[in-house]
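The structure appears below as structure tokens.
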Amino acid sequence: FNSYAFSPEERAIALVGEADDYRVLGRQIAFFEGDQHVDKVEFSGLSLNENNRVSFNLSLYLMPAVMTAPR
């Protein structure tokens with residue numbers, strides 16, 4: 001991942017990254033989709049860069065329980 005931004009109000013993590021190929025990106029997305037702390041995964045901006053790597057934007061929306069402190 002090349003950059004990371006967290007928005008607590010939206011419970012969102014915005015990532016910009018590169019992967020070796022579409023298969024690697026697919027595995028990363030599947031990993032996040034299978035995480036019980038992640039409510040929703042969105043990706044966009046797919047392109048091949050000058051190094052033939054897949055560039056992408058990935059947004060992870062966390063479950064509300066992740067943002068609450070245990071009592």
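Residue numbers run from 1 in the order of the sequence given.
Residues Leu62 and Ile13 are in side-chain contact: their nearest non-hydrogen atoms beyond the backbone lie under 4.5 Å apart.
When all heavy atoms of Val38 and Val41 are compared, the closest pair comes out as CG1-CG2, 3.7 Å. Shown here for Gln36 and Met63, the closest heavy-atom pair between the two residues is O-CG, 3.4 Å.
Once rounded to the nearest 0.5 Å, the distance linking CG of Asn2 with CD of Glu18 reads 5.0 Å. Put simply, OG on Ser3 and CG on Asn57 are 8.0 Å apart, with the number rounded to the nearest 0.5 Å. The distance from the CD1 atom of Ile29 to the CZ atom of Phe43 is 4.0 Å, given to the nearest 0.5 Å. Within the model, atoms CG of Leu60 and NE2 of His37 stand 13.0 Å from one another, a figure rounded to the nearest 0.5 Å. Taken to the nearest 0.5 Å, the OG atom of Ser59 stands 9.0 Å off from the CD atom of Glu10.
Using bins of under 30°, 30° to 60° and over 60° for the plane-to-plane angle, the ring pair Phe1/Phe32 lands in the tilted bin.
Under a hydrophobic clustering in which Ile, Leu, Val, Met, Phe, Trp and Tyr are joined whenever their side-chain heavy atoms come within less than 4.5 Å, directly or via other members, Leu46 and Val16 fall into different clusters. Note: the hydrophobic cluster containing Val66 does not contain Tyr61 (ILVMFWY, side chain heavy atoms under 4.5 Å, direct or indirect links).
Judged as a side chain to side chain contact (heavy atoms under 4.5 Å, CB included), and not counting sequence neighbours, the contacts of Val24 are Ala19, Asp20, Asp21, Arg27, Gln28.
No side-chain donor-acceptor contact under 3.5 Å links Asn51 to the backbone of Arg53.
Residue Tyr22 qualifies as enclosed at atom OH: its count of foreign heavy atoms under 6.0 Å is above 12.
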